[in-house]
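One structure is given below, encoded as structure tokens.
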Number of protein chains: 2
Amino acid sequence: MNISKASALTDLPPKTIRYYEEIGLVKAARAANGYRDYSENDVHQLAFLQRARSLGFSIEECRSLLSLYSDSDRASSEVKELTLSKIDEIDQKIDELKSLKDTLSKLAKNCHGNDKPDCPILDDLAGRA
Amino acid sequence: MNISKASALTDLPPKTIRYYEEIGLVKAARAANGYRDYSENDVHQLAFLQRARSLGFSIEECRSLLSLYSDSDRASSEVKELTLSKIDEIDQKIDELKSLKDTLSKLAKNCHGNDKPDCPILDDLAGRA
DNA sequence: ATGGGGGTTCCAGTTACCGGAAGGTCAAGG
DNA sequence: CCTTGACCTTCCGGTAACTGGAACCCCCAT
């Protein structure tokens, strides 16, 4: 099938599919006219990528997952490890964002937000806390 | 003062300071030998940037904040608006990350993570849920 | 004069793509 | 048969916010 069909089936833009091929993730066959020709298996792998990317795995992590996926002999513990460390990363990011939010909320609360120039937010940013 | 002194005072790498100059944020004077020469005021602005960036404001937002900072006539409401919308952004991101984490946690929980090849995580990614 | 630790510029790379240009291909309609 | 429009192709450049490295200059002490 052509790239637009694969795109529709995987919910990945054609540009992205070509990009994945360029970086060696999923390589399609070519038809006589030079068009890319996707097999069922290609589409499966692309859909796999789509899902893994949307779950926050980086391209390089996806590359690992894909090779684990294709290796029928791999241990499930490898995949689980990758997933658990991803969860840790996410937890860290959430914590960071929460503390950011706290700081900004405090600043906003102290700022009356009217048309006068006095502004505690800027004062804080300037180090005049 | 030289760039390394400014760097020490603001906790910004010299590379970053030069970058900020390149994109027109804080421009230092030049000494006779061509070295950048930072004033107290320059350092204040750099420190302001450092703090604002670490609070999650983008470069372009920092540019706005900096011009609001330099404009003694601006209304504090402008700054407060920017801050509140930043808080909204952060909230959204936290929500996204939480739902990501939920999904991954569920997947990890169902995976026994041993040395056998059977792996529910990969099964899910492959759409065999 | 030489060695080390500043400084300078410019180029390239990072992540994961997106937009657009220039041009080949294909199916349908007149 | 020709045109039109929707596909497809490749390649180039841009995004955010820097970071690393190369090649070179400057200043001070030995």
Side-chain angles (χ1 to χ4, degrees), chain A residues 1-39 42-43 45-66 86 89-90 93 96-97 100, chain B residues 1-39 42-43 45-66 86 89-90 93 96-97 100:
Chain A
M1 75 188 77
N2 280 350
I3 198 169
S4 61
K5 183 83 185 296
S7 167
L9 288 175
T10 59
D11 216 19
L12 286 171
K15 280 274 188 187
T16 300
I17 296 180
R18 291 193 196 98
Y19 173 69
Y20 287 168
E21 174 170 324
E22 190 190 324
I23 63 175
L25 282 181
V26 175
K27 194 176 64 190
R30 294 298 177 126
N33 58 9
Y35 287 16
R36 287 175 181 79
D37 185 18
Y38 291 88
S39 69
D42 293 336
V43 169
Q45 301 213 21
L46 287 171
F48 181 105
L49 281 171
Q50 193 282 328
R51 175 104 173 109
R53 288 286 299 126
S54 78
L55 285 177
F57 289 98
S58 74
I59 289 285
E60 286 316 308
E61 285 164 338
C62 286
R63 201 188 293 277
S64 303
L65 286 172
L66 214 47
K86 205 71 207 168
E89 266 179 50
I90 292 175
K93 238 177 210 162
E96 273 176 42
L97 288 176
L100 266 185
Chain B
M1 72 187 79
N2 281 348
I3 199 168
S4 61
K5 183 84 184 295
S7 166
L9 289 176
T10 58
D11 216 20
L12 286 171
K15 279 274 188 188
T16 301
I17 297 180
R18 290 194 196 97
Y19 173 68
Y20 287 169
E21 174 169 324
E22 190 189 325
I23 62 174
L25 281 180
V26 175
K27 194 177 65 191
R30 293 297 177 128
N33 57 9
Y35 287 16
R36 286 176 181 77
D37 184 19
Y38 292 88
S39 69
D42 293 337
V43 169
Q45 301 213 22
L46 288 171
F48 180 104
L49 280 171
Q50 193 284 326
R51 176 104 171 107
R53 287 288 298 127
S54 77
L55 285 177
F57 290 97
S58 74
I59 289 285
E60 287 315 308
E61 286 165 339
C62 286
R63 201 189 292 277
S64 302
L65 285 171
L66 213 49
K86 203 72 207 166
E89 267 179 49
I90 291 175
K93 240 177 208 162
E96 271 176 43
L97 288 176
L100 266 184

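What's counted below: heavy atoms across the whole structure, side chains too, no hydrogens, waters or symmetry copies. On a predicted model such as this, the values are computed, not experimentally measured, just so you know.
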Per [X] side chain, nearest of listed nucleotides [options]:
X: B:R30; options: D:dT19, D:dA17, C:dT8; value: C:dT8
X: B:R36; options: C:dT9, C:dC17, C:dG6; value: C:dT9
X: A:R18; options: C:dC17, C:dG7, D:dT10; value: D:dT10

Rounded to the Å, how far apart are [X] [atom1] and [N] [atom2]?
X: B:Y20; N: D:dA17; atom1: OH; atom2: C1'; value: 8 Å
X: A:I3; N: C:dC17; atom1: CD1; atom2: C1'; value: 14 Å
X: A:L25; N: C:dT15; atom1: CG; atom2: P; value: 13 Å
X: B:I23; N: D:dT19; atom1: CD1; atom2: P; value: 12 Å
X: B:Y19; N: C:dG13; atom1: OH; atom2: C1'; value: 14 Å
X: B:E89; N: D:dA16; atom1: CD; atom2: C1'; value: 14 Å
X: B:I59; N: D:dG14; atom1: CD1; atom2: C1'; value: 17 Å
X: B:E21; N: C:dG7; atom1: CD; atom2: P; value: 14 Å

Residues [X] and [Y] bridged, charged N to O under 4.0 Å:
X: A:K86; Y: A:E89; result: yes
X: A:E22; Y: A:R36; result: no
X: B:E60; Y: B:R63; result: yes

For this session: Measure the shortest side-chain to side-chain distance between B:L25 and B:Y19 over non-hydrogen atoms and say whether it is less than 4.5 angstrom.
Result: no

For this session: Compare all side-chain heavy atoms of A:L55 with those of A:R51 and state whether any distance is below 4.5 angstrom.
Result: yes

Exercise. At under 4.0 Å, does any side-chain N or O of A:S4 touch on OP1 or OP2 of D:dC8?
Worked result: yes

Exercise. Does the side chain of B:T16 get closer than 4.0 angstrom to OP1 or OP2 of D:dT19 through an N or O atom?
Worked result: yes

Exercise. Once each nucleotide of nucleotides 20-26 of chain D is scored for protein heavy atoms under 4.0 Å, what B/S/- sequence comes out, 5' to 3'?
Worked result: BB----B

Seminar exercise, completed: The residue, B:N2 or A:P13, whose nearest nucleotide of DNA chain C is more 5′ is B:N2

Exercise. Donor-acceptor pair, A:N33 side chain versus A:Y35 backbone, under 3.5 Å?
Worked result: yes

Problem set entry | Interatomic spacing from CD1 in A:I3 to OG1 in A:T16 - rounded to 0.5 Å | 9.5 Å

Exercise. Start at the 5' end of DNA chain D and walk down; is the nucleotide closest to A:K5 or to B:E60 reached first?
Worked result: A:K5

